[in-house]
Engineer: 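Structure in structure tokens, see below.
Residues take their numbers from the sequence shown, with the count starting at 1. Please read all numbers here as calculations on a predicted model, not as lab measurements. Just follow the structure's listing: the first ligand is 1, and inside any ligand the first atom is 1.
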Amino acid sequence: MQSLSGKIALVTGAASGIGRAIASSYARAGATVVVADIDADKAGEVASILGGGAIGVAMDVTDEAQVEEGFSRTRQDLGPVDILVSNAGVQIISPLVDFSFADWKRMLAIHMDGAFLTSRAAMRQMIASGRGGSIILMGSAHSHVASKFKAPYVAAKHGLLGLARVIAKEGAKDNIRSNVICPGFVRTPLVEKQIPEQARELGISEEEVIRNVMLRDTVDGEFTTLTDIADTALFLAGFESNALTGQSLVVTHGWHIQ
Ligand code: NAD
């Protein structure tokens, strides 16, 4: 296994799902992990399960003050961040014509503002430390394709590709790399919630949502797994040169083939 020994890794949305799986794999690889989440209690619980000096930090990624506070606590308690995974996210399903402006803004705030605020804070620490680092943004198959009822999610996930490319260009001189992971459907609480919601919107059964909507275009009818994404995040975190920067890795069982 790739070693992240001596590295400090901050993962947002790490109290659940994909973020938690990445945090666990980083801890197993020897990193000291900051479990940053809006759910402070769960972040603390996950950190204590991870061990290895992991800490839980309360962080709403849409709140500039909380992001700054979480990063400065990290630097004080553990040292400067070497790896950021900007992963926190939610999903709201609705036809565009019925989407409220408030929900649109909330989605963009979590996915886009969150990625900007955490990347900026991480870059500042990576530059000051002189060690550079790896910034990983959690995109989606929806960074490349569109689906009905997900207008702000698709728009924001496409936007992350642009942000990662700018970070790659501006960060290179300080040895900061930035890449986007684009998972297919992974059975986390975020996805379990939308199966009945999509069934309602489309007027089909939940089984049909899984077979004919979520997995229809994969090569093998399989969900992407937490391990698939954690392994990809481990590979990107440990990849030490600027050869691999500004890219998106699509991990979707062939749903989207670039
Ligand atoms: P999840 O619901 O299991 O976990 C999301 C975590 O983010 C939760 O712990 C939640 O408390 C936290 N969070 C929500 N809002 C936050 C905020 N404002 N600040 C800080 N933390 C916040 O979801 P997941 O499926 O693990 O999704 C994680 C990321 O992966 C998201 O960006 C999602 O868009 C992306 N993604 C998921 C899938 C999938 O199929 N599950 C596919 C592609 C991309």
Side-chain angles (χ1 to χ4, degrees), residues 10-25 34-47 56-71 84-93 103 105-118 121 136-147 150 152-161 163-164 180-195 197-198 209-210 213-215 218 222-230 232-233 248-253 255-256:
L10 188 147
V11 184
T12 70
S16 173
I18 290 173
R20 181 175 177 160
I22 293 171
S24 304
S25 96
V34 181
V35 178
D37 205 285
I38 197 168
D39 186 336
D41 292 343
K42 236 171 129 195
E45 275 169 38
V46 170
V57 164
M59 185 188 289
D60 176 349
V61 297
T62 69
D63 184 319
E64 184 176 15
Q66 286 190 32
V67 171
E68 289 297 314
E69 167 62 27
F71 273 83
L84 164 68
V85 185
S86 170
N87 163 82
V90 299
Q91 180 62 279
I92 301 176
I93 303 279
D103 281 347
K105 284 197 276 199
R106 182 167 159 250
M107 288 294 286
L108 291 195
I110 295 171
H111 292 274
M112 291 298 295
D113 297 0
F116 163 70
L117 290 171
T118 55
I136 298 167
L137 308 182
M138 193 53 65
S140 164
H142 287 109
S143 298
H144 297 276
V145 301
S147 293
K150 297 185 175 178
Y153 188 83
V154 170
K157 292 299 190 187
H158 274 65
L160 292 179
L161 299 179
L163 178 62
V180 184
I181 300 177
C182 300
F185 282 102
V186 184
R187 291 200 87 153
T188 65
L190 180 142
V191 161
E192 295 298 345
K193 177 173 165 289
Q194 63 178 280
I195 295 172
E197 290 173 352
Q198 292 233 35
V209 168
I210 292 172
V213 179
M214 293 183 161
L215 304 180
T218 61
E222 300 273 345
F223 277 98
T224 302
T225 67
L226 291 172
T227 308
D228 293 331
I229 304 307
T232 308
S248 70
L249 267 68
V250 180
V251 189
T252 63
H253 284 254
W255 166 11
H256 176 71

Engineer: Indicate the atoms forming the closest heavy-atom contact of L84 with F71, along with that distance.
Structural biologist: CD1-CZ, 4.1 Å
Engineer: To the nearest 0.1 Å, how far is atom 43 (C) of ligand 1 from its closest protein heavy atom, and which atom is that?
Structural biologist: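 Sorting protein heavy atoms by distance from atom 43 (C) of ligand 1 puts P183 O, 3.5 Å first.
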Engineer: Heavy-atom contacts with Y153 under 4.0 Å: which atoms of ligand 1 show up? List them by number with element.
Structural biologist: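 Once the distances to Y153 are compared, the set is 33 (C), 34 (O), 35 (C), 36 (N), 43 (C), 44 (C).
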Engineer: For V61, is at least one N or O under 3.5 Å away from an N or O on ligand 1?
Structural biologist: yes
Engineer: Please check this pair: side chain of K157 against backbone of M138, looking for a donor-acceptor N/O pair closer than 3.5 Å.
Structural biologist: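 It does hold such a pair.
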Engineer: Heavy-atom distance to atom 44 (C) of ligand 1: which of G89, S143, G139, A58 wins?
Structural biologist: G139
Engineer: Could you tell me, atom by atom, which parts of ligand 1 come under 4.0 Å of a heavy atom of A88?
Structural biologist: 7 (O), 20 (C), 21 (N), 22 (C), 32 (O)
Engineer: How far apart are the closest heavy atoms of G17 and T188, and which atoms are they?
Structural biologist: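 Shortest heavy-atom separation between G17 and T188 comes out as CA-CG2, 3.9 Å.
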Engineer: Would you please indicate if the ring centroids of W255 and H142 are separated by under 6.0 Å?
Structural biologist: yes
Engineer: If you measure every N or O of V186 against every N or O of ligand 1, does any of those distances drop under 3.5 Å?
Structural biologist: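 By distance alone, the answer is yes.
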Engineer: Please report whether ligand 1 has a polar contact with I38, defined as an N or O pair separated by less than 3.5 Å (distance criterion only).
Structural biologist: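 By distance alone, the answer is yes.
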Engineer: Backbone, side chain, both or neither: what part of R187 comes under 4.0 angstrom of ligand 1, heavy atoms only?
Structural biologist: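 For R187, there is no contact with ligand 1 at all, from either part.
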Engineer: Which ligand 1 atoms does G17 reach within 4.0 Å, using its non-hydrogen atoms?
Structural biologist: 3 (O), 26 (O)
Engineer: With distance as the sole test, does H111 use its side chain to make a donor-acceptor pair with the main-chain N or O of V90 at under 3.5 Å?
Structural biologist: yes
Engineer: Among all the protein's non-hydrogen atoms, which is closest to atom 42 (C) of ligand 1, and how far away is it?
Structural biologist: G184 O, 3.2 Å
Engineer: What protein heavy atom is closest to atom 7 (O) of ligand 1, reported as residue, atom name and distance in Å?
Structural biologist: G13 CA, 3.4 Å
Engineer: Please report the interatomic distance CD1(I38) to OG(S16), rounded to the nearest 0.5 Å.
Structural biologist: 13.0 Å
Engineer: Does Q91 come within less than 4.0 Å of ligand 1, judged by its heavy atoms?
Structural biologist: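 No, Q91 has no heavy atom closer than 4.0 Å to ligand 1.
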Engineer: From L108 CG over to D103 CG, what is the distance, rounded to the nearest 0.5 angstrom?
Structural biologist: 11.0 Å
Engineer: Does any N or O atom in T188 lie less than 3.5 angstrom from one in ligand 1, N or O only?
Structural biologist: yes
Engineer: Could you check which of I18, D113, D60, V67 puts a non-hydrogen atom nearest to atom 17 (C) of ligand 1?
Structural biologist: D60
Engineer: Does an N or O from K157, backbone or side chain, lie closer than 3.5 Å to an N or O of ligand 1?
Structural biologist: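 K157 vs ligand 1: N/O contact under 3.5 Å present.
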Engineer: Which of the atoms in ligand 1, numbered in the order shown and given with their element, are less than 4.0 Å from a heavy-atom of V90?
Structural biologist: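 It comes down to these atoms of ligand 1: 14 (C), 15 (N).
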Engineer: Nearest protein heavy-atom contact for atom 32 (O) of ligand 1: which residue, which atom, what distance?
Structural biologist: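 Here the closest protein heavy atom is N87 O, 2.8 Å.
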Engineer: Within the 4.0 Å heavy-atom shell around L190, which atoms of ligand 1 are there?
Structural biologist: 2 (O), 23 (O), 25 (O), 27 (O)
Engineer: Measuring from atom CZ of F185 to atom CD of E192, what distance do you get when rounded to the nearest 0.5 angstrom?
Structural biologist: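 Nearest 0.5 Å value for the CZ-CD distance: 11.5 Å.
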Engineer: May I ask you to decide if L190's main-chain N or O and Q91's side chain share a donor-acceptor pair within less than 3.5 Å?
Structural biologist: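 Checked: no pair found.
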Engineer: How are the rings of H144 and H256 set relative to one another: parallel (under 30°), tilted (30 to 60°) or perpendicular (over 60°)?
Structural biologist: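 It falls in the parallel class, under 30°.
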Engineer: Taking the side chain from D37 and the backbone from A40, do they hold a donor-acceptor pair closer than 3.5 Å?
Structural biologist: no
Engineer: Can you tell me if T12 uses its side chain to pair, donor with acceptor, with the backbone of N87 under 3.5 Å?
Structural biologist: yes
Engineer: Students should be able to answer this: which protein heavy-atom is nearest to atom 8 (C) of ligand 1, and at what distance?
Structural biologist: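 Among all protein heavy atoms, the one nearest atom 8 (C) of ligand 1 is D37 OD2, 3.6 Å.
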Engineer: When you measure from the side chain of S86 to the backbone N and O of T118, does any donor-acceptor pair fall under 3.5 Å?
Structural biologist: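 No.
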Engineer: Atom 20 (C) of ligand 1: which protein heavy atom is closest, and how many Å away?
Structural biologist: M59 O, 3.0 Å
Engineer: Could you tell me which atoms of ligand 1, counted from 1 in the order shown, lie closer than 4.0 angstrom to a heavy atom of F185?
Structural biologist: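 Selected atoms, number and element: 40 (O).
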Engineer: Where do A156 and M112 come nearest, in terms of heavy atoms and distance?
Structural biologist: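 Scanning both residues, the minimum pair turns out to be O-SD, 3.3 Å.
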Engineer: Counting each atom of ligand 1 from 1 as listed, which ones have a heavy atom of M138 under 4.0 Å away?
Structural biologist: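 Counting atoms of ligand 1 from 1, those under 4.0 Å from M138 are 29 (C), 30 (O), 35 (C).
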Engineer: By number and element, which atoms of ligand 1 are closer than 4.0 Å to a non-hydrogen atom of S16?
Structural biologist: 1 (P), 3 (O), 4 (O), 8 (C), 9 (O)
Engineer: When you look for heavy atoms under 4.0 Å from ligand 1, do you find them on the side chain of K42, its backbone, both, or neither?
Structural biologist: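 Neither part.
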